[in-house]
Amino acid sequence: GFASLGIPVDNCVMLFDGKLWETCRPTRGQRDCYNGHHKLHGVKGHGNTFPNGILPSAHFNSHGRTHDMTVLRQSGILDHLAEASQRSPAAAADPDWRAGADAGYAPHPHCTPMFPGHTVAALGVLHALFNSDYAPGRVTAEWGFRKIVALWPYVEFAKLKLLRQNVGLILPVGVFLTNIHTCI
């Protein structure tokens with residue numbers, strides 16, 4: 001599991017990450033698709049990664065300006081994680097399955113993100129140690145998106161057109177086919 005990667009979160013069963021999938025600038029609704037942080041137009045994607053590399057679900061929002069935490073809330077995955085951890089046969093001994101995430105996510109009873117900040121002065125020594133132990137393992141959440149792009153480069157082709165192509169179908173199909181490849 002993720003404990004072998006050094007992630008200092010007990011019962012970490014999945015990792016979260018968000019990604020902006022770049023598209024062409026649409027003729028309508030440009031403001032909704034524009035992400036000021038990346039200075040690009042696109043759709044916001046949110047994915048989860050299990051320790052075996054499977055991406056159990058991916059949620060996409062056509063508004064590129066949406067924050068990762070908002071897309072996570074819309075996906076409902078934290079509710080599913082809470083429900084699954086209570087139904088687990090091991091729930092009596094250890095009921096709190098958790099997910100890991102980067103510092104852009106808010107703490108939740110079933111999600112332990114990294115602490116925001118980059119320096120020891122900003123974080124404090126213990127938080128900086130937590131983040132330094134967390135970071136090498138948490139990057140595996142980004143590998144899922146990288147694998148999708150490596151296998152199916154079309155999904156990251158910057159000329160995807162929001163209003164002319166079904167981008168909301170292309171991206172989930174890429175996730176599904178990547179899971180099949182991982183299983184094989």
Between N131 and F115, is there a donor-acceptor pair closer than 3.5 Å when you use the side chain of the first and the backbone of the second? yes

Same hydrophobic cluster for L126 and M114, using side-chain heavy-atom links shorter than 4.5 Å among ILVMFWY? no

For the residue pair H108 and H110, does the interplanar ring angle fall in the parallel (under 30°), tilted (30 to 60°) or perpendicular (over 60°) class? tilted

Hey, are the side chains of T49 and I54 touching, using non-hydrogen atoms and a 4.5 Å cut-off? no

Nearest heavy-atom neighbours spanning N48 and S57: ND2-OG, 2.6 Å

Is it the case that atom CZ in R25 sees more than 12 heavy atoms from other parts of the structure closer than 6.0 Å? no

Going by heavy atoms in the side chains, are V43 and C33 under 4.5 Å from each other? no

L72 and S75: which non-hydrogen atoms are nearest, and at how many Å? O-OG, 2.7 Å

Considering residues, nucleotides and ligands other than H181, do more than 12 of their heavy atoms fall under 6.0 Å from its NE2? no

For P51 and V13, the nearest pair of non-hydrogen atoms, with its separation, is CD-O, 3.4 Å

Decide whether V149 and W152 are clustered together by the hydrophobic rule: side chain heavy atoms of Ile, Leu, Val, Met, Phe, Trp, Tyr closer than 4.5 Å, transitively. yes

Backbone N/O of A101 and side chain of Y134: donor-acceptor pair under 3.5 Å: yes

Look only at the side chain of H38 and the backbone of L40, and say whether a donor-acceptor pair between them is shorter than 3.5 Å. no

Evaluation steps, side-chain contact (heavy atoms from CB on, under 4.5 Å), between R65 and H37: CA-CA 8 Å; R65 66 183 180 163; H37 178 69; over 6 Å; no

Tell me whether T70 contacts the main-chain N or O of T66 through its side chain, where contact means a donor paired with an acceptor under 3.5 Å. no

What verdict does the side-chain contact (heavy atoms from CB on, under 4.5 Å) test give for C12 and T112, after you've listed the backbone C-alpha separation in whole Å, the side-chain angles of each residue and the deciding distance to 0.1 Å? CA-CA 9 Å; C12 185; T112 304; over 6 Å; no

Under the ring-ring contact (aromatic ring centres under 6.0 Å, His included) rule, collect the residues that match up with F176, sequence neighbours excluded. none

Closest heavy-atom pair, V175 versus A58, reported as atoms and distance to 0.1 Å, is CG2-CB, 3.8 Å

K147 NZ/CZ over W143 ring centroid, <6.0 Å and within 45° of normal: no

Between NE2 of H46 and NZ of K19, what distance do you get to the nearest 0.5 Å? 14.0 Å

With heavy-atom distances below 4.5 Å as the criterion, would you say the side chains of K44 and H63 are in contact? no

When rounded to the nearest 0.5 angstrom, what distance separates CH2 in W97 from CG in N11? 9.0 Å

Under-4.0 Å salt bridge between R98 and D10: no

According to a 4.5 Å side-chain heavy-atom criterion applied to Ile, Leu, Val, Met, Phe, Trp and Tyr, with indirect links allowed, do I148 and L20 form part of one hydrophobic cluster? no

Is the F145 ring parallel, tilted or perpendicular to the W21 ring (thresholds 30°, 60°)? perpendicular

Between H41 and E22, does the side-chain contact (heavy atoms from CB on, under 4.5 Å) criterion hold? Intermediate values first, please. CA-CA 6 Å; H41 289 85; E22 185 180 358; over 6 Å; no

Within a strict 4.5 Å, meaning less than it, do heavy atoms of the F2 and T140 side chains meet? yes

Provide the closest heavy-atom pair for D17 versus Y105 in the form atom of the first, atom of the second, distance. C-OH, 3.3 Å

Mind checking the CZ-NE2 spacing from R73 to H67? Nearest 0.5 Å is all I need. 9.0 Å

Just so I know, are the side chains of M14 and I77 near enough to count as touching, which here means a heavy-atom distance under 4.5 Å? yes

Closest approach of A106 and P113, non-hydrogen atoms and distance? C-CG, 4.0 Å

Would you kindly confirm whether L151 and F60 end up in one hydrophobic cluster when ILVMFWY residues are joined by side chain heavy atoms under 4.5 Å apart? yes

